[in-house]
Amino acid sequence: MSSLATFWAIYGNVVMSLGTNALLALSIWLTLVCGMLSIANAAFMGIGAYAAAILTMNYGAPFGVSLAAGMIAPAVLAAIIGLPTIRLSGVYLAMATLAFGEVVRVIVLNTESVTGGALGLNGIPQLTQWWHVLLAVVIVLLVLWRLRVSKIGRAFDAIRGDETAASLMGVNVRANKLLAFVLGGAIAGLAGALNAHLTFFIGPNEYGFERAVEILTMTILGGISGLIGPLLGSTIITLLPEVLRGFDSFRLVANGLILVLIVLFLPRGIWDPARYAQWLRKGGKRRA
């Protein structure tokens, strides 16, 4: 028991970060499977983190209420900005959502009386426990799995394949894309709210461009062929700094090298059952 307590004291935050990063990867997976390249999830995470932290610190709200607010606030904003932006696609949508993230960061910096400005919010109560994170990940996985095998999930696949063809088949492209965008924002906000009550401190720089790229990398690395992909990608990106801690400045080089190898040899991510099945078939033919 003492060794377990020692391990948790040292790596407890890393273990719980695996859960919050998994939620972030799943949040952007939801938009990617619907054919949208959105980079707003870091901003949604920040909105959820600030909304939950402010309610807890300034108004003494119960933890459950703060978590709910952390999901609702980014979901509402996602619905507002989603109405005009989901008309865009590809790099144009990425640019629009990136600009939204910068707007959120500037607003946080210039509302010092509420958000603490550049200094951020310090002394947030550490209310997040391991079972909160585990329960959130399990519930989100169940919801997304059910969504994936439903009519909505099939509509997402059709939209990702060809929006025009999906529309001709009777799929409401705009409504489905907005649903994916809003749900992704809510999940990212939940991750932010949990993380805020885990780390004691939040600041605007934690939810900028670098964080947005990191969230996108998690899902691209793991692959969007299924829910396992984002979990694999988020685990690798979370643990990589710990594994390469001794390499100091070479950590970023190793991270970039791994990503280049994945793009070259596994363009659909690590979790690609179709490619693995193809490799197995080729291996069987060679042995025959």
Side-chain angles (χ1 to χ4, degrees), residues 22-42 44 75 78-79 81-98 100 140-188 212-213 215-234 237 259-282:
L23 290 173
L24 291 170
L26 290 168
S27 73
I28 202 168
W29 172 87
L30 190 56
T31 54
L32 288 173
V33 295
C34 197
M36 295 185 292
L37 180 59
S38 169
I39 315 183
N41 293 60
F44 292 143
I81 70 165
L83 289 173
T85 57
I86 59 174
R87 298 172 180 268
L88 305 173
S89 61
V91 67
Y92 300 105
L93 177 61
M95 291 173 63
T97 50
L98 178 62
F100 167 72
V140 169
L141 281 173
L142 288 174
V143 170
L144 294 184
W145 172 79
R146 187 68 187 89
L147 191 71
R148 180 72 168 165
V149 299
S150 69
K151 182 179 179 180
I152 296 175
R154 292 192 293 271
F156 286 177
D157 289 337
I159 293 170
R160 185 174 80 251
D162 190 322
E163 284 190 25
T164 303
S167 179
L168 292 175
M169 293 170 60
V171 175
N172 190 331
V173 174
R174 190 175 182 185
N176 280 282
K177 291 176 73 171
L178 184 61
L179 175 63
F181 197 61
V182 171
L183 286 179
I187 296 171
V213 172
I215 297 171
L216 180 63
T217 302
M218 292 177 188
T219 307
I220 297 299
L221 177 62
I224 63 172
S225 299
L227 292 170
I228 295 178
L231 299 181
L232 282 175
S234 62
I237 296 299
L259 291 178
V260 169
L261 293 175
I262 290 295
V263 170
L264 288 176
F265 298 104
L266 293 172
R268 296 184 62 184
I270 295 174
W271 183 251
D272 187 3
R275 178 179 287 266
Y276 295 148
Q278 184 180 4
W279 287 351
L280 289 174
R281 286 195 296 270
K282 288 182 178 179

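- When all heavy atoms of Pro230 and Trp29 are compared, the closest pair comes out as CG-CD1, 3.5 Å.
- Side-chain atoms of Leu32 and Ile220, non-hydrogen and from C-beta on, do get closer than 4.5 Å to each other.
- Rounded to the nearest 0.5 angstrom, Ile39 CD1 and Ile28 CD1 are separated by 7.0 Å.
- The aromatic rings of Phe44 and Phe100 lie tilted to each other, with the angle between the two planes from 30° to 60°.
- Distance CD1/Ile224 to CG/Leu30: 11.0 Å, rounded to 0.5 Å.
- Looking at Arg160, its side chain does come within 3.5 Å of a backbone N or O of Val33 through a donor-acceptor pair.
- Leu24 places none of its side-chain heavy atoms less than 4.5 Å from the side chain of Asn41.
- Here the shortest heavy-atom pairing between Met36 and Ala180 reads CE-CB, 3.9 Å.
- One distance of note links CD1 of Ile81 with OG of Ser38; it measures 7.0 Å at 0.5 Å rounding.
- In terms of heavy atoms, Ala155 sits closest to Val171 at CB-CG1, 3.8 Å.
- Looking only at side-chain heavy atoms (C-beta outward), Asn176 and Ile152 come within less than 4.5 Å of each other.
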Q.
Leu83 vs Leu178, test: side-chain contact (heavy atoms from CB on, under 4.5 Å). Steps then yes/no.
A. CA-CA 7 Å; Leu83 289 173; Leu178 184 61; 3.8 Å; yes

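- Between Val143 and Ile187, every side-chain heavy-atom pair lies at or beyond the 4.5 Å cut-off.
- For the atom pair CD1 of Ile215 and OG of Ser27, the computed distance is 6.0 Å after rounding to the nearest 0.5 Å.
- No donor-acceptor pair under 3.5 Å is formed between the side chain of Thr31 and the backbone N or O of Phe181.
- Between the side chain of Ser167 and the backbone N or O of Glu163, no donor-acceptor pair lies under 3.5 Å.
- By the 4.0 Å N-to-carboxylate-O rule, Arg154 lies too far from Asp157 to be salt-bridged with it.
- Between the side chain of Thr219 and the main chain of Leu216, no donor-acceptor pair closer than 3.5 Å is present.
- Of the inter-residue distances, the one linking Ile159 atom CD1 with Asn172 atom CG reads 8.0 Å to the nearest 0.5 angstrom.
- The distance from the CG atom of Leu93 to the OG1 atom of Thr85 is 6.0 Å, given to the nearest 0.5 Å.
- For the residue pair Leu88 and Lys177, the shortest heavy atom distance occurs at O-NZ, 3.8 Å.
- Here the shortest heavy-atom pairing between Ser234 and Ala22 reads OG-CA, 3.5 Å.
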